[in-house]
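One structure is given here, and the rest of the page talks about it.
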Amino acid sequence: MSTTDPQSDALTGEATPRGLRRWSRRPVDASPATAARLRRRSRQRRRVANVAGLMAALVLTGTLYSALSPAHATQESNATESSAEAAGRELYERSCITCHGENLEGVPTRGPSLIGVGEAAVYFQVHTGRMPLVRQEAQAPDKPAVFSDEEIDQLMAYVQANGGGPTLPSGDLRDGDLAEGGELFRLNCASCHNFVGEGGALSSGKRAPNLEDSNDLEIYTAMLSGPENMPVFGDNQLTPEEKRSIINYIQTVKEQADPGGFGAGRLGPSAEGLVIWVVGIAALMFGIFWMGSKA
Amino acid sequence: MARTATAPGVPTTALGKAALEVDDRLIVAGPLRRTLNKVFPDHWSFLLGEIALYAFVILLLSGTYLTFFYDASLREVVYDGSYAPLRGLEMSAAYDSALYLSFDVRGGLFVRQVHHWAALLFVAAIVVHLLRIFFTGAFRRPRETNWLIGVGLLLLALGEGFTGYSLPDDLLSGTGLRIASAIILSIPVVGTWVHWAVFNGDYVGEFVIGRFYIAHVLIIPAILLALIAVHLLILVKQKHTQFPGPGRTEHNVVGNRLFPAFAAKAGGLFFIVFGVVAALGGLVQINPVWLWGPYNPAQVSSASQPDWYIMFLDGSTRLFPAWDINLPGDYNIPALFWPTVVIAGLIFTVLALYPMIERKLTRDTASHHLLQRPRDVPVRTSLGVMALTFYIVLMLSGANDVIAERFDISLNAMTWAGRIGVLILPPIAYVLSYRICLGLQKHDREVLEHGLETGVIRRLPHGEFIEVHQPLGPVDEHGHSQLAYGGAPVPKRMNQVGGARRAIRGFFTPIEEPAQVELEQRRDEQGLAAAESRELTTSGRPSDGGRPQEPRD
């Protein structure tokens with residue numbers, strides 16, 4: 001496994017032994033007197049080196065401390081942080097910090113760490129209105145977004161700058177093969193989201209939501225970030241092209257008319273059974289009552 | 001030969017002469033006249049079975065059209081039709097032809113939808129018809145045979161429905177077929193053998209669609225057709241049952257002749273059924289196979305359900321706990337066996353044997369041609385409601401994930417509600433319907449004894465208020481009617497005995513001149529004022545309101 005990485009090869013295979021040899025190599029053909037003198041001199045040198053090393057370490061520690069100390073950071077962040085990140089920080093500290101912590105590290109029993117979730121997760125959660133959360137329940141329901149698009153951009157910038165992680169895709173998100181997208185959707189998504197994204201129930205009040213109102217970017221970022229109970233479909237599981245195919249399929253089928261008439265929610269037999277009883281049998285009962293009244 | 005004078009009764013028209021020629025050769029006039037003069041009793045609920053019959057006719061007609069284009073083969077083909085989201089995918093020829101039928105055949109989608117709606121209606125009408133037979137006691141001697149045939153028809157309809165559901169070979173029907181295969185495999189000892197016999201090998205193989213096709217278009221419809229014919233012949237032979245009423249006895253049939261009144265009604269009903277099914281087929285989409293995708297055993301969708309009439313089995317499977325029985329020797333009975341094979345077997349066995357069970361329990365072996373009102377047989381009615389409650393809980397549980405998703409309920413809560421409900425709701429339904437039956441019976445008796453409530457409150461000279469009742473017949477010295485209950489509906493409102501102005505006639509729109517009725521009403525109003533005193537004085541003792549009272553001295 002490690003052999004695939006050229007850097008780790010260089011470290012383990014060559015660099016370390018050569019370095020050790022250079023430092024430990026001593027002249028081997030010296031007389032006892034010179035050896036004693038050398039030993040004395042080396043002891044002195046070691047003492048000096050120790051002191052110098054200590055000094056260097058102290059200076060380095062001091063420098064590092066001054067560089068990384070929070071007081072210094074707050075002073076300097078205003079200089080390095082973009083205005084979007086600063087605005088995002090302000091939003092974060094107002095609306096997210098209670099559950100996700102001061103440094104995106106999360107708060108036990110309240111909210112998960114946001115380190116590594118990236119702007120993709122922020123976009124999905126905030127744009128679908130799932131975050132900020134109203135209360136803790138089985139699953140965050142989607143609702144009208146609390147933040148404006150500009151504020152969402154600022155939050156994304158802040159979380160991306162401080163936590164890192166998957167970023168938003170660019171380009172045409174429907175740029176993929178329609179039929180392949182359908183096949184991938186049925187293979188990866190239909191087991192929870194139903195045949196054409198009508199949504200489905202999961203255990204204990206959790207659910208795979210209906211994709212009716214989802215835009216391209218929400219679907220893409222959901223696949224990237226795996227919100228709630230959804231697995232993460234990273235670029236190794238589904239390549240960006242495959243993701244675009246799936247989005248193309250979902251959106252194309254969603255927008256197409258139902259050639260057979262009223263679609264009844266595209267739910268299949270359960271809705272059809274309801275229709276035959278509530279409409280079909282009811283209409284015919286009405287018909288035979290009518291005929292009976294003519295008797 | 002010289003032409004003689006026309007004898008009386010000899011036809012003179014061309015049609016009459018032709019008919020005479022036919023009758024000379026086939027001798028059908030006598031039997032035909034007897035048949036056409038046959039009397040059928042008249043009640044709206046007697047038309048329920050006919051709905052099923054007409055749905056079957058629609059199924060035969062629409063199904064024949066579908067066979068022209070359907071290819072019952074699991075051969076792999078690459079789709080190249082007009083539905084873009086599937087173009088280029090590998091699929092079976094069966095699914096390919098179902099798509100072709102839906103998108104490229106003129107009227108194909110409409111006929112497919114008509115066929116499917118008619119299938120759902122067929123089973124639904126059978127079930128409603130069965131309930132009517134059950135609750136009115138129409139299955140009693142001598143009609144047990146027809147009850148058994150009816151249950152057989154229901155089972156065949158379920159089989160016909162399931163094989164048809166499987167034919168398009170889409171992802172939904174393939175999932176259903178997979179479940180059917182698992183159910184067959186779960187049967188102890190013979191399961192594997194039966195599975196191999198049905199599928200000709202392991203699931204899914206290449207044979208099953210072809211076999212289901214022949215079963216669906218030939219074997220099962222042929223048996224259905226034969227049994228329907230026997231069902232109707234026995235009905236004609238044994239004569240139709242009728243509700244008790246004036247002039248109706250165990251030994252006569254009161255109603256309309258087959259021709260023309262009954263035939264006109266039946267023909268009209270056929271067109272109503274056809275109209276409803278065609279409207280559904282044209283307006284409401286059913287089984288959009290193009291959305292489900294081609295069958296692939298690696299794929300499954302949430303909310304994969306069978307058609308409504310198999311949903312109770314899905315429901316029982318969802319509710320049943322995962323109780324696998326592990327026997328020594330690496331042998332086990334999967335939990336799936338109990339909710340599917342055993343429960344379904346029990347349901348249909350009890351259903352088929354119910355007439356014999358009731359005969360044993362009540363020791364009533366007499367022939368019955370008069371029906372019973374459900375309230376008059378509270379035990380049977382309550383048993384029926386109980387069984388229906390059981391069935392409905394199972395059926396709803398078959399769609400519990402859809403209900404959970406649409407109504408934002410926890411799926412676990414749905415499952416537990418189903419588990420508890422399937423055990424405690426049927427007994428509750430039994431008790432409730434038993435009490436309701438008794439209550440209705442008592443009310444009938446009360447009206448017969450004390451008369452109708454007129455809604456008139458009268459104040460007597462000494463200040464007492466009484467409610468005036470209208471006795472239905474002559475009363476004795478206590479103000480009680482002597483009418484016996486005859487098993488027929490008892491009038492419950494003054495309107496039903498002519499106590500109010502009549503309504504304007506017309507079911508959809510008035511068919512009378514409102515002005516004319518207005519006049520008539522005005523005339524009636526005077527009559528009504530007179531009628532109140534007249535009617536209430538002629539029938540005994542109106543001042544007492546029909547109350548029982550101590551004889552005055």
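Letters A, B, ... are given to chains in the order of the sequence lines, protein chains preceding strands, and every chain is numbered from 1. Basis for what follows: all heavy atoms, side chains included, without hydrogens, waters or symmetry-related copies.
- Contact of B:Tyr83 with chain A is made through the side chain alone, with heavy-atom distances under 4.5 Å.
- The parts of B:Val273 that come within reach of chain A are both its backbone and its side chain, each placing non-hydrogen atoms under 4.5 angstrom from that chain.
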Residue pair B:Ser301, A:Asn194: steps toward the side chain to side chain donor-acceptor pair (under 3.5 Å) verdict | CA-CA 5 Å; B:Ser301 166; A:Asn194 205 331; 3.1 Å; yes
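- With a 4.5 Å cut-off on non-hydrogen atoms, B:Gln113 touches chain A through its side chain but not through its backbone.
- At a 4.5 Å heavy-atom cutoff, the contact between B:Ile286 and chain A is made by backbone and side-chain atoms alike.
- Contact of the A:Glu183 side chain with the B:Glu90 side chain is not registered, since no non-hydrogen atoms from C-beta on lie closer than 4.5 Å.
- Scanning residues 215-242 of chain A against chain B with a 4.5 Å heavy-atom cutoff picks out nothing at all.
- For residues 276-292 of chain B, the set of pairs meeting the side-chain hydrogen bond (donor to acceptor under 3.5 Å, both in side chains) definition, not counting sequence neighbours, comprises A:Asp258-B:Gln285, B:Asn287-B:Trp292.
- Residue contact with chain A, scored on non-hydrogen atoms closer than 4.5 Å, involves the side chain of B:Arg406 exclusively.
- Taken from OG in A:Ser203 to CG in B:Asn412, the straight-line distance is 5.5 Å, to the nearest 0.5 Å.
- For a residue to count as touching a neighbouring chain, one of its non-hydrogen atoms must lie under 4.5 Å from one of that chain's; by this rule B:Ile51 touches chain A with the side chain only.
- Proximity to chain A (any heavy atom under 4.5 Å) is shown, for B:Tyr79, by neither the backbone nor the side chain.
- A 4.5 Å side-chain heavy-atom check between B:Pro85 and A:Gln256 finds at least one atom pair inside the cut-off.
- Heavy atoms closer than 4.5 Å to chain A are found in both the backbone and the side chain of B:Leu121.
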